[in-house]
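Scroll down for the structure; my scribbles are underneath it.
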Amino acid sequence: MTYRYMKGTMSMRLRAITLLLVLLGSTAAAVTPAVAEAEKTVSFASAEDSYVSQAGPGKTHHTVTWLSVCTTPCDGAAASERGAFVRFDVKDVPANAVNVTMTLDVQSVRTTDTTLEVRPVKGEWTADSLTFDNRPALGEVITTHKGLTAGGTAKLDVSSAFTGNGAYDFALTSPSGAHGVLHSSRATSGQGPKLTIGYDTETATPAPGGPLPFAMPSTATLRASERKVFAHYFTPYPISLNNRAGADDYYTKHYLTPTGESNKHLAYGGLLRDRPIPRGVLSGDWQLADMKQEIETAVEAGLDGFTVDVLSLTSAHWERLNTLIKAADAVDPGFKIVLMPDMTSLKTDAATLAAAMAKLATAKSVYRLPDRRLVISPFKAEGQSAAWWTNFMKIMKDTHGITVAFVPVFLNFPSNAAAFAPISYGFSNWGNRSPAGQSGIASNIAKAHELKKIWMQPVSVQDERPNQGIYDEANNTENLRVTWEKSISGGADWIQLTTWNDFSEGTQFAPSVHNGGAYLDISSYYLTWWKTGKAPAITRDTLYLTHRTQFAAARPTSGTQTKFMLPRSGTSAPRDTVEVLSFLTRAATVKASIGGVEKTYAGQAGLQAKTFPLAYGTNKASVGAVTVTSPWQVKKDFTVQDLQYHAVSSGRK
């Protein structure tokens, strides 16, 4: 892929289980049990409503006491279609609401055989300016109701549209029957449209077991926070590329071996050093099944969604993006897909890009703010000028009826902040991948807030790029911990985990052969801290062991590799260490075996990182009955340079 500065519903237990997966453990995070409480309801009168008429295409109807719904011909007149629009502002539905129902009530003025359709409104509108000519686009039918009775109330089930507190815009249309007339909000009190939401609530209880060192809050509780956590999804590296078993799939045969793809990667020892956890062959739509699995894993880890790198508007990358959106719609529409056009690879005009983004924006899972603005967050936004992006957003509004909330991701934030401030909802940068590069986090957040913008902070594990001959020194989990801790203390508004699955840059949070889900688990702890405002209580002693399998300065003792990775300029000084990251319920003695040499130290209650010099052999750690043994031996003789930190958790055996 193009060089970037610092970048680039099936449970896993139902997957084919390989020996490696047994060793590393399931990738699913602990699910917190819940206790249901009594059902509750809240109701809302319409905040705005009006109707449009084809017979008077430029006329508004925001002052009348009725709403008209009719197919054409209506009342015997040609070109006379009518449709009603209504908006509700939903609030006070708690974060732990479950079993949610949502009902739209409309009261009829007269008895007719009208069939009503309810559709979501996809564009912007206000009652005092709404006309047939400027009416916004509509989505697919949510529900239908046939027959109206004078003075009676039609109850329309729109539960499928519920996504939480915020604005809900519905259109009432009719495919058949007589002219339906409904009371508007300006009729006698209580006769206008009403939206009623019923729900149960759940009370989280600590999980007795599971891989995490703390009790993970419910998804509803985490999503109630205005602070959002997205992971950057990179379409070149899904779970599987060709639906083969692990030993015979494309990753094994072509990306992990120096001779793969006709010796294309021979000089640097293979394109990748790690890969998604292998699985068996799947039947049916295996790509959709894989995408569903990735979304389930991300949801269980507490993520709000994926920022998806839009590399192309055609080809396999475009198809995978559409499949990912389809999977999110099917698994959990509340898990959001943020559209991130990649301006290092997209060579297109603003109108073409706008048409593509508008097409994707029809999906339920594509992320919009509560006010319905569509979030567009381009990578390397400075690849086009602020004027170019202004034109793009104008086309989105004028041609597609979509207002954009623009959140550019820069490679150089300070140089572009002023020019992009007038058109942006928020800012982000791609960031750095070593502790030495994280000193500017607080100032970046402060600068964004000074400009009255939100800030999306990058949080990362590490970075190694064999084909580019470069790597960053992450200092075991220090870079991960520092980027999270500075995000929390600095007051970041959103987080972007960089990345979910860019294996070519070694930055993956996604469960993989070499991390088994450990980095995602650690991130879930900080995510919970950031969203809830306090560090989670440690309820289960857990140890994470990280180390490389070779010394940083070592070179292969055999093999064909001729191009080697060197430290990036400005990165932390390379070091050779084993780290024990402990989450302890109370102070206790921790035992470690580093290359067969026994060590002990006083473990502190809470989170603590302890490092030891790297040594050849096997690494282990234990506290009481809790043990963790790394399956990755440190070796003197090897054929390929690999400077990633491998990780293993005591909670995932």
Side-chain angles (χ1 to χ4, degrees), residues 9 11-12 26-38 40 91-100 162-166 199-231 295-306 328 331-336 367 370 457 459 480-481 484-485 487-489 491-497 500 509 511 517-542 544 583-585 606-607 649 651-652:
T9 49
S11 168
M12 182 65 80
S26 168
T27 64
V31 178
T32 304
V35 177
E37 296 180 346
K40 301 175 178 63
K91 59 182 180 179
D92 299 327
V93 178
N96 60 341
V98 294
N99 305 322
V100 177
F162 182 79
T163 57
N165 292 322
Y199 59 90
D200 300 325
T201 54
E202 63 179 15
T203 302
T205 56
L212 300 177
F214 66 100
M216 188 80 169
S218 70
T219 298
T221 297
L222 293 174
R223 286 186 183 167
S225 172
E226 293 182 354
R227 297 172 172 176
K228 303 302 177 187
V229 180
F230 306 103
I295 288 167
E296 287 180 349
T297 300
V299 169
E300 290 168 349
L303 273 62
D304 293 288
F306 286 144
V331 171
D332 181 0
F335 183 84
K336 297 304 180 183
Y367 188 44
Q457 174 60 34
V459 167
L480 174 59
R481 290 181 284 110
W484 260 119
E485 288 163 8
S487 299
I488 294 169
S489 64
D493 305 282
W494 293 356
I495 297 293
Q496 180 176 210
L497 304 182
W500 178 257
F509 278 84
Y519 294 131
L520 198 56
D521 288 353
I522 297 168
S523 191
S524 292
Y525 170 82
Y526 284 103
L527 176 153
T528 301
W529 180 355
W530 184 61
K531 280 179 170 279
T532 64
K534 60 182 179 180
I538 305 304
T539 59
R540 180 173 184 249
D541 290 344
T542 308
Y544 296 92
F583 291 78
L584 301 183
T585 57
L607 184 156
S649 166
R652 293 189 174 273

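- The shortest side-chain heavy-atom distance between P217 and T528 falls under the 4.5 Å cut-off.
- The closest side-chain heavy-atom distance from Y526 to R481 is below 4.5 Å.
- Contact of the I295 side chain with the F306 side chain is registered, since non-hydrogen atoms from C-beta on lie closer than 4.5 Å.
- To the nearest 0.5 angstrom, R227 atom CZ is 8.0 Å from D493 atom CG.
- Residues V229 and L222 fail the side-chain proximity criterion, which asks for heavy atoms closer than 4.5 Å.
- The shortest heavy-atom contact between S524 and A301 is OG-O, 2.8 Å.
- L520 and F509 get closest at one heavy-atom pair: CB-O, 3.7 Å.
- Rounding to the nearest 0.5 angstrom, the gap separating the CG atom in D541 from the CG atom in L584 is 5.0 Å.
- Heavy-atom minimum distance, V459 versus L480: CG1-CD1, 4.0 Å.
- No donor-acceptor distance shorter than 3.5 angstrom exists from the side chain of D304 to the backbone of R223, with no hydrogens or angles considered.
- Proximity of Y544 to Y519: side-chain heavy atoms (C-beta onward) are nowhere separated by under 4.5 Å.
- Minimum heavy-atom separation, Y525 to A535: OH-CB, 3.7 Å.
- Between F583 and P213, the shortest heavy-atom distance links the atoms CB-CB, 3.6 Å.
- Going from atom OG1 of T163 over to atom NZ of K336 covers 5.5 Å, rounded to the nearest 0.5 Å.
- In terms of heavy atoms, L303 sits closest to A231 at CD2-CB, 3.3 Å.
- No donor-acceptor pair under 3.5 Å is formed between the side chain of D521 and the backbone N or O of L212.
- Within the 4.5 Å cutoff, the side chain of W530 has heavy atoms near those of the W484 side chain.
- Contact check for I488 versus Q457: no side-chain heavy atoms found under the 4.5 Å cut-off.
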